[in-house]
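Chain A is the first sequence line, chain B the second, and so forth, proteins listed ahead of strands; every chain is numbered from 1.
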2 protein chains.
Amino acid sequence: MVGSTGLSSSSSSHHHHHSHHHSYTPSSRILTDVPCKVCHDNSSGKHYGIFACDGCAGFFKRSIRRNRQYVCKNKGQGGCQVDKTHRNQCRACRLKKCVEAGMNRDGKSIPPFFQSH
Amino acid sequence: MVGSTGLSSSSSSHHHHHSHHHSYTPSSRILTDVPCKVCHDNSSGKHYGIFACDGCAGFFKRSIRRNRQYVCKNKGQGGCQVDKTHRNQCRACRLKKCVEAGMNRDGKSIPPFFQSH
DNA sequence: TCAGGTCCAACGTTCACCGTG
DNA sequence: GCACGGTGAACGTTGGACCTG
Ligand SMILES: [Zn+2]
Ligand SMILES: [Zn+2]
Ligand SMILES: [Zn+2]
Ligand SMILES: [Zn+2]
């Protein structure tokens with residue numbers, strides 16, 4: 001990891017309610033105001049339909065390209081934690097969460113109406 | 001961190017303006033122009049923050065993962081030679097040299113200003 | 001600009017081989 | 001000879017940099 005050092009100390013922020021502006025790190029590229037929907041690391045915009053970090057975007061891309069079939073490390077039962085520090089521990093649960101979060105190969109966003117929470 | 005297979009089946013040109021090139025052995029992977037900072041064997045790029053050979057990289061990794069505490073073979077006094085042919089003679093002195101050379105678990109390079117020699 | 005793609009340094013895992021007891 | 005743990009070369013994976021329509 002490299003760019004993650006300066007977390008853009010937000011400072012005085014107006015609350016542009018309806019604006020589509022985002023906050024970026026000094027190194028640009030990384031959004032500080034929208035986390036990855038899969039692992040909650042900082043995202044770098046939308047990938048495959050959802051806000052996601054570079055790691056989850058790359059992982060999802062490689063998984064679907066090669067038709068990966070993973071087996072959960074937890075005796076195949078699922079339920080592994082998927083966050084920034086644990087996301088590489090179980091590929092099955094990471095991919096499952098990617099799909100549940102709405103990732104798809106065509107990059108289509110899911111309308112808010114259909115989203116679960 | 002990132003990493004792809006070192007296979008890179010050459011052939012294709014693609015020079016990729018990366019400012020500093022390295023010299024590799026015919027078998028690829030191994031740098032011939034930058035030695036391991038610990039044992040002076042040929043390195044295979046940076047590992048845990050410094051240029052290191054596969055052996056010292058693997059040794060450091062195993063040592064920190066298992067919290068190894070070694071005792072110097074030289075009556076606990078230190079000062080054992082650590083080079084390609086002697087690096088496996090004393091684990092305590094090898095690990096000490098890894099740390100002094102700047103190896104760390106996060107793989108952060110130390111700025112040149114702070115480096116001793 | 002955004003969100004796809006490629007590239008590849010640096011990481012992790014594996015396991016034949018080796019030295020020791 | 002056998003069992004065991006450490007070694008390090010080979011190979012697969014990750015994710016940030018850069019490219020492209
Ligand atoms: Zn993520
Ligand atoms: Zn799992
Ligand atoms: Zn070395
Ligand atoms: Zn020693």
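Side chain of Arg65(A), nearest nucleotide from dG4(C), dT6(C), dG8(D): dT6(C). Listed nucleotides dG4(C), dG12(C), dA9(D) differ in distance to Arg29(B); the shortest reach to its side chain belongs to dA9(D). Distances from the side chain of Phe59(B) to the nucleotides dT7(D), dG16(D), dA3(C) place dT7(D) closest. Ranking dA3(C), dA9(D), dT7(D) by closeness to the Lys46(A) side chain, first place goes to dA3(C). Considering only side-chain atoms of Asp54(A), the nucleotide from dG8(D), dG16(D), dG12(C) that sits closest is dG16(D). Listed nucleotides: dG8(D), dG5(C), dG4(C). Nearest to the side chain of His47(A): dG4(C). Distance from the side chain of Lys61(A) is smallest to dC7(C) among dG6(D), dC7(C), dA9(D).
Side-chain heavy atoms closer than 4.5 Å link hydrophobic residues (I, L, V, M, F, W, Y) into clusters, and following such links, even through other members, never connects Phe51(B) to Val38(B).
Note on Arg66(A): nothing from the nucleic acid sits closer than 4.0 angstrom, heavy atoms only. Nucleic acid contact class of Gly58(A) (heavy atoms, under 4.0 Å, all strands): none.
Here Tyr48(B) reaches the OP1 or OP2 of dG12(C): one of its side-chain N or O atoms lies under 4.0 Å away. Within the structure, a side-chain polar atom (N or O) of Arg91(B) is placed less than 4.0 Å from OP1 or OP2 of dT7(D). Residue Arg62(B) has no polar side-chain atom (N or O) positioned under 4.0 Å from OP1 or OP2 of dG5(D). A close approach under 4.0 Å does not occur between any side-chain nitrogen or oxygen of Asn88(A) and OP1 or OP2 of dC11(C). In terms of phosphate contacts, Arg68(B) brings a side-chain nitrogen or oxygen within less than 4.0 Å of OP1 or OP2 of dG6(D).
Using the six-membered ring where Trp is involved, Tyr70(B) and Phe59(B) have ring planes that are parallel, under 30° apart on the 30 and 60° scheme.
Here the side chain of Ser63(A) pairs no donor or acceptor atom with the backbone of Arg68(A) at under 3.5 angstrom.
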